[in-house]
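The structure under discussion appears below in the form of C-alpha cells.
What you see below is based on every heavy atom in this structure, not just the backbone, and it leaves out hydrogens, waters and symmetry mates. Chain letters run A, B, ... following the sequence lines, proteins first, then strands; residues in each count from 1.
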2 protein chains.
Amino acid sequence: MPFEDKKKNRVTLLDVAARANVSRATASLVIRKSPLVGTETRARVEEAMRELGYVYNMGAARLRAERSHTVGVVVPNLTNPFFAELLSGIESVIDAAGMVVILANSGDLAERQDMVMQRMREHGVDGVIICPAAATEPEFLDRMAEWGLPLVQALRHISDDIDYAGVDYAAGMREAVGHLASLGHRRIAFAVHGPVHSAYLERIEGFRDAMFSRGFDPDLIIRVPDQTAQIPGSAHLLFENREKPTAVVCFNDVIALGLSAGLHDLGLKVGENFSLIGFDDVTEADIIRPRLTSVSTAPVTIGENAARLLLDRLSDPLLPPRRVVKETRLHIRQSCGPIAGPARY
Amino acid sequence: MPFEDKKKNRVTLLDVAARANVSRATASLVIRKSPLVGTETRARVEEAMRELGYVYNMGAARLRAERSHTVGVVVPNLTNPFFAELLSGIESVIDAAGMVVILANSGDLAERQDMVMQRMREHGVDGVIICPAAATEPEFLDRMAEWGLPLVQALRHISDDIDYAGVDYAAGMREAVGHLASLGHRRIAFAVHGPVHSAYLERIEGFRDAMFSRGFDPDLIIRVPDQTAQIPGSAHLLFENREKPTAVVCFNDVIALGLSAGLHDLGLKVGENFSLIGFDDVTEADIIRPRLTSVSTAPVTIGENAARLLLDRLSDPLLPPRRVVKETRLHIRQSCGPIAGPARY
DNA sequence: CTTTCCATTTAGATCGATCTAAAAGCTTTT
DNA sequence: AAAAGCTTTTAGATCGATCTAAATGGAAAG
C-alpha cells in the first residue's frame with residue numbers, strides 16, 4: 001500500500017521518477033516514447049506510472065514545448081446540420097492524430113469571429129480550421145497568418161494564400177441544371193437565401209454559367225426567406241415572374257424541402273408537373289415524398305480534408321498554400337421529371 | 001518604433017511590466033481585473049499591452065492557477081442534429097462565461113468514452129458535460145467523480161449522485177398518447193430504435209404507463225431499423241400484429257419522418273386514416289406534408305441547462321447533486337386526426 | 001591499461017503566468 | 001512625531017513538464 005501524501009497530493013512526473021528510481025528527465029522521455037531509453041527502464045517507469053495513477057499534465061508540457069495538441073474550429077452556426085457534419089469529419093481526423101478540438105461559434109458575425117480568434121490564440125491552439133463568417137475581409141485571415149497561426153479555410157474561402165478545403169459548388173450547379181435540361185426544361189429558377197459568401201457566389205456562378213451556355217435565361221434567381229418555417233409559404237414567388245419556370249434548382253436542401261412542401265400546398269405535383277432539385281443531399285432527402293433529387297456535397301468528407309490539410313501544415317509550415325476541392329455527385333431520385341404538359345417543340 | 005527583439009520574440013507579461021514601469025505581479029493583477037491596482041497604473045499597463053501586442057498565455061496561467069477555463073463536452077455522435085443542437089446550447093453558455101469547449105465524440109462506445117475522458121483529464125479541463133454512451137456503467141461516472149472532475153450528465157443519466165440536465169421524456173410520451181386517445185385512438189403502436197439508455201427507457205415507461213392507465217394494450221412496441229434510409233420501408237411492420245393499430249407514437253422525429261413517408265408509400269393518408277406523432281419537434285417537422293405533430297424537447301435549452309449546472313458546480317464543488325428536468329410541449333400540426341372509418345363506439 | 005565510442009541517463013535551467021507574504025506609500029489617529 | 005490602518009505594489013517561489021548540454025557506464029579499440 002503505497003504511502004503518498006504530499007500537500008497537494010497530485011502525482012507528478014517527479015513522483016513517478018522517484019518510484020522508478022530514475023530521474024525526472026528519463027521519465028519524461030518514456031512518456032514521449034523516445035527511443036533513447038532502455039527497455040528495462042521504460043518498463044519500470046511505465047509500471048510506476050500505473051501504480052501511482054499518474055496523469056499527464058498537457059498544460060505543463062505545452063508551456064515548455066510550445067505545442068498544445070489542440071486545434072481550434074470556428075463555424076458560423078452549430079444548429080445547422082451541415083456544419084455539424086463538417087465538425088464531425090474534422091473531429092474524427094484530429095482525434096486520430098492525438099489532438100483535441102476546441103470549438104467556437106462565430107454566429108456568422110465578423111465581430112464575434114474576431115473575439116473568438118483572439119480567444120483561440122490565448123488558449124494557444126496549434127492551428128485553426130475556420131469557416132469564415134460571411135462578411136470576413138481578406139485582411140482578417142492574413143492578419144491571422146501574420147500571427148504565425150496555421151490556418152485552414154473550410155467550405156468558404158476568403159484568401160487564396162491560405163489552405164482551403166471545399167466543394168466544387170459551381171460544377172455541382174452545372175450538374176443540376178444539366179440534369180433538368182436533359183429532361184427538357186428551359187425555364188429554370190434558382191431559389192436562394194442566406195448571407196453572401198464564396199460558397200454562395202460559386203453556386204450562383206455555376207447556375208448562370210450553365211443556363212447561359214445553353215441559351216436559357218440565367219436571371220430567374222429568387223430569394224426565399226432565411227427562416228426555415230417560412231419557406232413553404234414562399235413557393236408562390238416562383239411564379240410571379242413574366243416567364244414562369246417549369247423547374248427550380250435550390251441553393252440547399254433546406255430550401256428544397258421547404259419548396260417541395262410549398263409546391264404541394266399550391267396543388268402542384270413535384271416530379272410530375274414541376275421539377276425540383278436540391279443541394280447537399282441531406283439524410284432527409286431520402287425520406288420525404290417525393291424523394292428529393294439532390295446534389296451531394298458530403299460535408300463530413302470536407303471536414304476530414306480540412307483536418308488533414310491542417311495536420312500537414314503543422315508538420316511543415318512552409319508548405320505552399322493548397323486547396324482540396326471535392327467533386328459533387330448528383331443523386332437522382334423522384335423530384336424531377338420530364339417537362340410537363342403538351343410538348344413545346 | 002519600439003525596438004524589441006528578444007531571441008524568441010514573444011511578448012510576455014514581463015515585457016509589458018517593463019514597458020509600463022511596474023512589476024510583473026502588478027501587470028498580472030491588471031489582466032485579472034483585480035480591484036487592487038490604481039486607476040492610473042492600470043491605464044499605463046493596458047496601454048503597454050496594446051503597444052506591444054501582448055497575448056495572454058492561458059497555458060502558463062493554468063499551470064499555476066490550476067484552472068484551465070476549459071470545459072469538455074462528450075457526445076455520442078455529432079452527425080445527429082439532436083446532439084449538434086445540444087452542443088450549440090452548451091457552447092453559447094460556456095462561451096458567455098469566458099471559457100471554451102473541448103469537444104469529443106464517444107461514438108456511443110464505452111471503450112472510446114474511456115479514452116476520451118482520459119484525454120480530457122490530461123488536457124486539464126475544469127469540468128465535463130457528458131451524454132453517456134449507452135453501455136456506460138454507473139461505476140464509470142463515479143470513478144470520474146473520484147478524480148475530482150466536476151461532471152454533468154446531459155440527456156441521459158447513469159448515476160443519481162451526479163448533476164443531470166434532461167427532459168421529462170416519460171411525461172412527453174404520456175402527452176403524446178393522451179393526445180391520440182383524445183382523438184379516439186385505442187390501439188396505438190410505439191415505434192422505437194437505437195441503443196438502450198435512460199432516455200430510451202423513460203420513453204418506453206411513459207408510453208406503457210399512459211396506455212396501461214387507459215386500459216389500452218401497452219405492448220404494441222415495434223422496432224424499426226437504425227438506418228434512416230431503411231425506415232420508410234419498414235412501415236409494414238406496424239400491421240403485422242394481430243391487433244392493427246390506428247396510430248403510432250414515434251421514439252423520435254427521424255422515425256416519424258421515415259414512417260410518414262413509408263405509410264404514404266403504403267397508400268395510407270397520414271392525419272386522415274392513420275395518425276402519427278413524433279418526438280423532438282425538429283425543424284423539418286414543419287416543412288413536410290402532412291405537417292408533423294411532435295413533442296418538442298428543445299435540445300438547445302437542455303444544453304444551456306447543462307452548462308449552467310456545470311458552471312454552478314465549478315463555483316461551488318460542494319453543492320449537492322441537482323437535476324434540471326425540462327417539460328416537453330406538444331406541438332399539434334396535421335399528422336393526427338380522429339380515428340378513421342366507421343366509429344367504433 | 002588507457003582511450004574512444006556509443007547508448008543511456010541526468011542536473012538544472014526554462015517556459016510564462018499566479019500566489020504568498022511582505023514592503024512601500026499614503027492618510028488618519030493618538 | 002510615532003503608531004496604526006489603508007491602499008497599492010512587489011520580490012521570489014512555484015506550478016509540472018521539456019530542453020540543453022553534460023555525465024555516466026560499459027564495450028570496443030588501441
How long is the line joining CG of B/Leu14 and C1' of D/dA11, in whole Å? 12 Å

Can you tell if the side chain of A/Ile302 reaches within under 4.5 Å of the side chain of A/Lys326, non-hydrogen atoms only? yes

Round to the nearest Å and state the distance from B/Asn21 atom CG to D/dT8 atom C1'. 16 Å

NZ/NE/NH1/NH2 to OD/OE distance under 4.0 Å, B/Arg62 and B/Glu66: no

B/Met49 CE to C/dG16 P: how many Å, rounded? 16 Å

Under 4.5 Å between any side-chain heavy atoms of A/Leu103 and A/Leu78, yes or no? yes

For A/Glu66 and D/dT20, give me the distance from atom CD to atom P, rounded to whole Å. 12 Å

Could you check how far CG of B/Leu52 sits from C1' of C/dG16, rounded to whole Å? 15 Å

Contacts of A/Ser23 meeting side chain to side chain donor-acceptor pair (under 3.5 Å) (sequence neighbours excluded), chain-then-number -> A/Thr26

Return a table of donor-acceptor pairs under 3.5 angstrom between the side chains of residues 85-97 of chain A and protein atoms on other chains or two or more places apart.
unit_1: A/Glu91; atom_1: OE2; unit_2: B/Asn105; atom_2: N; d: 3.4
unit_1: A/Ser92; atom_1: OG; unit_2: A/Gly89; atom_2: O; d: 3.0

Is the closest basic N to carboxylate O distance between B/Arg50 and B/Glu47 below 4.0 Å? yes

Separation of atom CG in B/Asn57 from atom C1' in C/dG16, rounded to whole Å: 6 Å

Whole-Å distance between C/dG16 C1' and A/Glu122 CD? 14 Å

Rounding to a whole Å, what distance do you find between B/Arg64:CZ and D/dA13:P? 12 Å

Tell me which residues in residues 23-42 of chain B put a heavy atom below 4.0 Å from DNA chain C, sorted by number, or none. B/Arg24, B/Ala25, B/Ser28, B/Arg32

